[in-house]
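The structure displayed is predicted, hence computed values, not measured ones. A note on names: the letters A, B, ... follow the listed sequences, proteins ahead of strands, and every chain is numbered from 1.
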Protein chains: 2
Amino acid sequence: MKPMTIGRLSSAAKVKVTTIRYYESIGLMGTPNRSASGQRLYGSVDVDRLSFVRHARELGFSMDAIKDLIGLQTEPDQDCSAVDTIAQKQLAEVQKRLAQLEALERELKRMIENCRGGKVGGCQVMAAINDHSECETDKHERLKPL
Amino acid sequence: MKPMTIGRLSSAAKVKVTTIRYYESIGLMGTPNRSASGQRLYGSVDVDRLSFVRHARELGFSMDAIKDLIGLQTEPDQDCSAVDTIAQKQLAEVQKRLAQLEALERELKRMIENCRGGKVGGCQVMAAINDHSECETDKHERLKPL
DNA sequence: CTTGCTCCTACAGTCGCTGTAGACTGTATC
DNA sequence: GATACAGTCTACAGCGACTGTAGGAGCAAG
């Protein structure tokens, strides 16, 4: 179980080297030991932790939420309802976003469906973007990037 | 049809004042006329254009795509297949994102479902984030923010 | 005339990284 | 031992699409 360099950790946890250093800078990874020449040295604990972070990111958790989850992880005797709350909140966000995107999909399909070729001047897609009187997405808050 | 200030334009097109100035800075709104004291002055053309931009943003188009659409708008005699292509591309992105989020929803639900209270140490949500061996989102590319 | 809103510029901050520059370290091959 | 090349280091700038702040100047109503 000898220590590994940042590059090994990177391929073990499938997180880029630069990203690992970034995570360290925002206090997500603690301060690693260093070799005599100043290179970061990690152990298998760090692989686990970093993999956890990666997977939580893949699940769409914010860095703040992940910090909270890591904090909870280090206190295994605490009630896990806090974890549940974070996960529930995340699920709610995902579902909200799904509803937005479904509305978006319907509207884009409608636009494209109505456009039957021709000139830009009479293009129904352009018209649809211009005239949004009957548009359901108007009721939504501003859309976050795809 | 007398000119309006940026604040009027803002409420007419439902785009924030600061955002209008930002759009100007990235070349999306042209350079407006100015009053003697230097205040921006707009006409109804600008309301239309800005509303168009807002609605396109609500549909999730990138600023680059919107720039293209505006460019096409000013040439109404051109074939509208270019517009169609941009819209199709956008629809494809939306559908891809939908698929990602649906996978996410399933996994979050599964995690929460399996967690039946207790201590963090035995929490199935934490375990699920840790052990991602059977996780379908692992196959996806990195998720963009919600 | 004063109050209080709107407008101006210029710049820093958001999030979650990614990319760049320039220098040093570690390892493999000749 | 020399050389080549990959890996590592720090520090900082940039991405997209804005948002927020500071410190002023303009303008309409009471």
Side-chain angles (χ1 to χ4, degrees), chain A residues 2-29 31-42 46 50 52-70 90 93 97 141-146, chain B residues 2-29 31-42 46 50 53-70 90 93 97 140-146:
Chain A
K2 58 178 160 193
M4 61 182 85
T5 64
I6 197 168
R8 307 275 181 200
L9 176 61
S10 170
S11 37
K14 289 168 209 150
V15 173
K16 287 186 190 169
V17 168
T18 46
T19 306
I20 297 172
R21 286 196 280 250
Y22 168 69
Y23 285 168
E24 186 186 326
S25 80
I26 61 168
L28 215 66
M29 287 296 291
T31 49
N33 294 327
R34 300 278 188 146
S35 74
S37 61
Q39 299 198 349
R40 290 166 180 83
L41 295 176
Y42 300 94
D46 301 296
L50 195 51
F52 177 89
V53 173
R54 176 175 57 85
H55 194 221
R57 288 291 303 138
E58 283 166 357
L59 290 167
F61 288 96
S62 71
M63 297 311 278
D64 274 357
I66 294 173
K67 274 186 194 172
D68 289 350
L69 286 173
I70 286 183
Q90 181 62 16
E93 295 260 343
R97 189 81 175 103
E141 59 192 73
R142 195 179 68 74
L143 232 74
K144 297 194 187 108
L146 285 179
Chain B
K2 57 180 160 192
M4 61 182 86
T5 63
I6 198 169
R8 307 277 182 200
L9 176 61
S10 171
S11 37
K14 288 168 211 151
V15 173
K16 287 186 190 167
V17 168
T18 45
T19 306
I20 296 172
R21 285 196 280 251
Y22 168 68
Y23 284 169
E24 184 186 328
S25 81
I26 61 167
L28 214 66
M29 286 296 292
T31 49
N33 294 328
R34 299 279 186 145
S35 74
S37 61
Q39 299 197 347
R40 289 167 180 83
L41 295 176
Y42 300 95
D46 300 296
L50 195 51
V53 173
R54 176 175 59 84
H55 194 221
R57 287 293 302 139
E58 283 167 355
L59 289 167
F61 288 96
S62 70
M63 298 311 279
D64 275 357
I66 293 173
K67 274 187 194 170
D68 290 350
L69 287 172
I70 286 182
Q90 181 62 17
E93 296 260 342
R97 190 79 174 102
H140 298 309
E141 58 192 75
R142 196 178 67 74
L143 230 73
K144 299 195 187 107
L146 285 179

J.: Rounded to whole angstroms, how far apart are CD1 on B/Ile66 and C1' on D/dG16?
T.: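 To the nearest whole Å, that distance equals 12 Å.
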
J.: Between B/Met63 and B/Arg57, is there a side-chain heavy-atom distance shorter than 4.5 Å?
T.: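 Yes. Closest side-chain heavy atoms under 4.5 Å.
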
J.: Over how many whole Å does the gap from B/Glu58 atom CD to D/dA17 atom C1' extend?
T.: 15 Å

J.: Mind checking what makes side chain to side chain contact (heavy atoms under 4.5 Å, CB included) contact with A/Ser11, not counting sequence neighbours?
T.: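 Applying side chain to side chain contact (heavy atoms under 4.5 Å, CB included) to A/Ser11 gives none.
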
J.: Nucleotides 8-12 of chain C: which of its N/O atoms have a protein N/O under 3.5 Å away?
T.:
from: C/dC8; atom 1: OP1; to: B/Arg40; atom 2: N; distance (Å): 2.8
from: C/dC8; atom 1: OP1; to: B/Arg40; atom 2: NH1; distance (Å): 3.0
from: C/dC8; atom 1: OP2; to: B/Arg21; atom 2: NH1; distance (Å): 2.3
from: C/dC8; atom 1: OP2; to: B/Arg40; atom 2: NH1; distance (Å): 3.4
from: C/dC8; atom 1: O5'; to: B/Arg40; atom 2: NH1; distance (Å): 3.4
from: C/dT9; atom 1: OP1; to: B/Arg34; atom 2: NH1; distance (Å): 3.2
from: C/dT9; atom 1: OP1; to: B/Arg34; atom 2: NH2; distance (Å): 3.0
from: C/dT9; atom 1: OP2; to: B/Arg40; atom 2: NH1; distance (Å): 2.9
from: C/dT9; atom 1: OP2; to: B/Arg40; atom 2: NH2; distance (Å): 2.8

J.: Separation of B/Tyr23 atom OH from D/dA17 atom P, in whole Å?
T.: 9 Å

J.: Would you call B/Gln90 and B/Leu59 a side-chain contact if the rule is heavy atoms closer than 4.5 Å?
T.: no

J.: In whole Å, what is the span from the CG atom of B/Leu28 to the P atom of D/dA17?
T.: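 Computing the B/Leu28:CG to D/dA17:P distance gives 10 Å.
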
J.: Can you list everything that forms a side chain to side chain contact (heavy atoms under 4.5 Å, CB included) with B/Lys67? Sequence neighbours excluded, please.
T.: B/Leu28

J.: Under the side chain to side chain contact (heavy atoms under 4.5 Å, CB included) test, which residues partner A/Ser37, sequence neighbours left out?
T.: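 Partners of A/Ser37 under the side chain to side chain contact (heavy atoms under 4.5 Å, CB included) test: A/Ser35, A/Gln39.
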
J.: So A/Leu50 and A/Tyr42, do their side chains get closer than 4.5 Å, heavy atoms only?
T.: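 A/Tyr42 vs A/Leu50: side chains apart.
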
J.: Measure CZ/A/Arg57 against C1'/C/dT18 and give the value in whole Å, please.
T.: 14 Å

J.: Rounded to whole angstrom units, what separation is found between the CE atom of A/Met63 and the P atom of C/dT14?
T.: 15 Å

J.: 5'-most contact on DNA chain C: B/Gly7 or A/Thr18, nearest heavy atom basis?
T.: B/Gly7

J.: Identify whether any heavy atom of B/Ser35 sits under 4.0 Å from a base atom; if not, whether one sits that close to sugar-phosphate; answer base, sugar-phosphate or nothing.
T.: nothing

J.: How long is the line joining CZ of B/Arg54 and P of D/dC18, in whole Å?
T.: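 These atoms are roughly 12 Å apart.
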
J.: Rounded to whole angstrom units, what separation is found between the OH atom of A/Tyr22 and the C1' atom of C/dG19?
T.: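 Rounded to whole Å, this separation is 15 Å.
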
J.: Within the structure, does a side-chain N or O atom of A/Thr19 lie under 4.0 Å from either OP1 or OP2 of C/dT18?
T.: yes

J.: Tell me, do A/Val15 and A/Val53 make a side-chain contact under 4.5 Å, heavy atoms counted?
T.: no

J.: Tell me whether the side-chain N/O atoms of A/Thr5 come closer than 4.0 Å to OP1 or OP2 in D/dG7.
T.: no

